[in-house]
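Take a look at the structure set out below.
Atom set for the values below is all heavy atoms of this structure, side chains included, hydrogens, waters and symmetry mates excluded.
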Amino acid sequence: MDITAARLNSMQQAASLLVTNYGADSSGTTNAAPGIQLALNAARDLGGAQVVVPPGIYLIGATLRIYGNTRLSLMAGAEFRRNVAGTMIVNGDAGQAFGGYTGHSDIIIEGGLWNMRGTTVGLTASAMCISIGHASDIIIRDLEVRDLPGYHAVEFNSTIHGTIQNCRFRGFIDPGGRDFAEAVQIDLAKSVGVFGGFGPYDHTPCEDITVTGCYFGASGTAGTTAWPRGIGSHSATITKWHRRIRISGNAFENLLQFAISAYVWEDVTIVGNTFNSCGSGVRIRSVIAADTEDTKLPDGTQTSASQSMRNFAVVGNTLRDCGSYDNSIIVLGETTGLVLSLVISGNVIDGTTTQAGIRIQRASRAVVNGNTVSNTGGTGISTEDQSNMIVSDNLIWGVGGHGITMVSCDNSNILDNDIRDPANSGILVQGGSDIQIRNNFVDGANHVASSAYGIRISTSTVSPAVSGNKCRPGTSTTKALAGLSTTNTVTGLQRFGNDMRGTWSGAAGGIDDLSTSPQTVATDIE
């Protein structure tokens with residue numbers, strides 16, 4: 001049969017199922033769930049179809065079940081108004097046993113207002129809006145989830161190839177003990193306590209997940225707040241990682257904790273997002289070694305250890321007035337689980353309370369490059385227990401702690417940074433070995449503190465190299481003690497070509513070098 005335009009249109013109409021034709025009431029006065037479920041069942045029985053929800057208010061008095069190859073489309077002006085003390089919609093039936101990514105898949109859920117009504121009497125207990133597990137090829141787009149209590153607006157659990165696009169997540173209620181809930185949760189099939197929809201609990205993680213163009217914040221409804229967290233995970237199994245996570249072009253506003261919490265993720269890009277007045281912007285975290293649940297193998301064996309995770313790019317994000325809960329960008333590994341291969345580049349961080357702009361601990365092979373960090377309550381860029389790190393070409397302005405710190409770091413470089421008016425020292429190195437400090441400019445260190453330096457090296461640092469740096473005392477009434485200061489526990493120092501001219505507050509002048517046998521001649525050392 002030839003496929004003419006008329007026949008194609010007829011086929012498309014036949015495959016589109018209006019929920020009102022199946023008895024769904026759109027007045028908001030009676031339970032519409034039975035009629036909507038009949039339409040979803042009809043799509044299942046056809047082997048796939050589009051289920052269309054016309055404008056109106058639909059009381060959802062039972063959890064809806066959506067099946068494979070179904071497109072559920074809420075038209076403009078359509079509202080799903082939750083009226084059941086449970087999840088709004090799940091992909092499949094309770095008791096099904098599709099492991100891995102073999103469950104109901106190829107699903108699109110789009111459009112409309114999904115009103116969870118979490119402040120309504122009888123609906124205040126923790127609940128989920130959209131719950132997806134053991135699935136592949138899922139798209140959720142162009143919808144709003146409002147006023148959810150306790151759990152998550154969208155959960156991707158044991159899902160591969162999932163996209164959340166152009167959605168709004170507004171309003172959250174903590175019924176108690178849920179101050180860590182994410183609007184979008186990326187999780188694994190660990191147990192019924194982690195994913196209550198159905199099993200099997202085979203520890204399948206998520207892969208190839210994209211969240212783009214979404215908004216996370218408050219609804220303004222009385223009794224609600226903004227979300228605690230925007231996108232993240234908070235459970236883990238040793239030997240499992242969520243991989244290939246892409247988060248771009250989203251807006252996070254007034255979130256209470258981490259806007260993004262990349263817990264046990266790998267191969268991650270976090271690009272071009274905006275964060276405004278959030279408790280923290282981005283957290284990258286390996287398995288918490290002290291967590292007795294997250295440190296188990298799939299068979300339940302306790303390892304009492306973390307695991308390394310790798311490959312992160314945090315690029316081109318803007319963070320304003322974030323950091324009342326934790327640092328604006330924080331990377332935290334464990335001794336038994338380092339964060340490996342990390343780039344933090346081209347971000348703009350403007351304002352925190354007492355926190356650092358960027359904080360990195362227990363990582364290796366990290367590059368922190370080309371960021372602008374200003375007006376933070378704490379240190380601009382703080383690093384500790386690192387190896388093989390480069391901190392370069394950053395502009396740090398008016399921070400409330402040190403400009404850049406390296407504590408107990410090895411084989412790392414601080415290069416070509418511009419640091420203006422830090423409250424404490426411009427660059428502080430404590431301990432570690434083989435740190436290169438080159439071609440940095442520090443102006444106006446110590447504008448608040450009682451004793452600080454342009455560049456300070458202390459605490460038994462071994463073989464630092466300091467060359468081509470320029471430090472100036474600035475215009476503040478409180479001057480740094482010296483442009484460059486090293487303590488008598490520093491050994492193997494090489495320094496040359498530094499410019500420390502100016503009027504400093506210490507008696508030693510521009511350079512106060514107390515290190516053991518420094519090499520100060522710019523010649524080869526053998």
Side-chain angles (χ1 to χ4, degrees), residues 319-324 327-328 347-359 368 370-384 391-407 414-430 435 437-459 461 464 466-487 490 495 497-515:
L319 303 95
R320 180 189 292 270
D321 296 327
C322 296
S324 58
N327 306 287
S328 291
N347 302 284
V348 177
I349 299 172
D350 186 359
T352 70
T353 52
T354 60
Q355 304 289 344
I358 298 170
R359 166 71 174 165
V368 182
N371 303 282
T372 299
V373 182
S374 59
N375 304 313
T376 61
T379 292
I381 299 173
S382 171
T383 73
E384 187 172 358
V391 179
S392 67
D393 295 290
N394 300 284
L395 174 59
I396 300 173
W397 190 287
V399 297
H402 303 287
I404 296 170
T405 63
M406 277 192 177
V407 178
I414 303 173
L415 312 174
D416 299 297
N417 299 282
D418 193 327
I419 303 168
R420 306 291 182 99
D421 296 324
N424 215 303
S425 295
I427 295 172
L428 173 66
V429 174
Q430 293 180 324
I435 306 299
I437 305 170
R438 189 178 70 222
N439 296 341
N440 300 281
F441 178 64
V442 179
D443 185 33
N446 195 46
H447 75 84
V448 171
S450 59
S451 61
Y453 308 86
I455 299 172
R456 172 73 161 175
I457 308 173
S458 67
T459 322
T461 305
V466 184
S467 63
N469 301 282
K470 179 185 287 187
C471 294
R472 292 290 182 265
T475 59
S476 173
T477 56
T478 58
K479 307 294 185 186
L481 292 170
L484 171 63
S485 170
T486 65
T487 67
V490 175
R495 64 172 172 84
N498 301 287
D499 181 353
M500 304 293 163
R501 289 173 290 179
T503 302
W504 306 91
S505 63
I511 297 178
D512 183 15
D513 185 358
L514 302 179
S515 67

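In this structure, the separation between CG on D418 and CG on D443 is 8.5 Å, given to the nearest 0.5 Å. Here the CG atom belonging to D350 is positioned 5.0 Å from the CG atom belonging to N375, to the nearest 0.5 angstrom.
For the side chain to side chain contact (heavy atoms under 4.5 Å, CB included) criterion with I457, the lone passing option out of T487, I435, V466, D513 is V466. Partner of I427 under the side chain to side chain contact (heavy atoms under 4.5 Å, CB included) criterion, out of V391, I419, T405: I419 alone.
Minimum heavy-atom separation, I349 to S328: CG2-OG, 3.8 Å. Listed here is the closest heavy atom pair of A482 and D512: CB-CB, 4.2 Å. Between A445 and Y453 the shortest heavy-atom distance is CB-O, 3.5 Å. The two atoms that bring Q355 and S324 nearest to each other are NE2-O, 4.5 Å, heavy atoms only.
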### Query
Would I437 and I455 count as a side chain to side chain contact (heavy atoms under 4.5 Å, CB included) if you check the C-alpha gap in whole Å, the side-chain angles of each, and the deciding distance to 0.1 Å?
CA-CA 9 Å; I437 305 170; I455 299 172; 4.2 Å; yes
### Query
What's the verdict on side chain to side chain contact (heavy atoms under 4.5 Å, CB included) for V429 and I414, showing C-alpha distance, side-chain angles and the deciding distance?
CA-CA 10 Å; V429 174; I414 303 173; 4.1 Å; yes
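Looking at K479, its side chain never comes within 3.5 Å of a backbone N or O of N446 through a donor-acceptor pair. Between the side chain of T379 and the main chain of G403, no donor-acceptor pair closer than 3.5 Å is present. Side-chain atoms of D416 do not come within 3.5 Å of backbone N or O of N440 as any donor-acceptor pair. N394 contributes a side-chain N or O that, together with a main-chain N or O of N371, makes up a donor-acceptor pair within less than 3.5 Å. Looking only at distances, no side-chain donor or acceptor of S374 sits under 3.5 Å from a matching main-chain atom of W397. A donor-acceptor pair under 3.5 Å is absent between the side-chain atoms of S425 and the main chain of G454, judged by distance alone. Between the side chain of H402 and the backbone N or O of N424 there is no donor-acceptor pair closer than 3.5 Å. Counting only distance, with no hydrogens or angles, the side chain of N417 and the backbone of I396 share no donor-acceptor pair below 3.5 Å. Judged by distance alone, the side chain of T376 and the main-chain N or O of T352 form no donor-acceptor pair under 3.5 Å. Formation of a donor-acceptor pair under 3.5 Å by the N347 side chain with backbone atoms of L319 is not found in this model.
Under the 4.5 Å side-chain criterion, counting only non-hydrogen atoms from C-beta, E384 is in contact with R359. The closest side-chain heavy-atom distance from C471 to M500 is below 4.5 Å. Proximity of N327 to S382: side-chain heavy atoms (C-beta onward) are nowhere separated by under 4.5 Å. Counting heavy atoms from C-beta on, the side chains of I511 and R495 come closer than 4.5 Å.
A salt bridge links R472 and D499; the closest N-O separation between the charged side-chain nitrogens and carboxylate oxygens is under 4.0 Å.
Side-chain contact check for R438 and S467: no donor-acceptor pair (N or O, by modelled atom type) lies under 3.5 Å.
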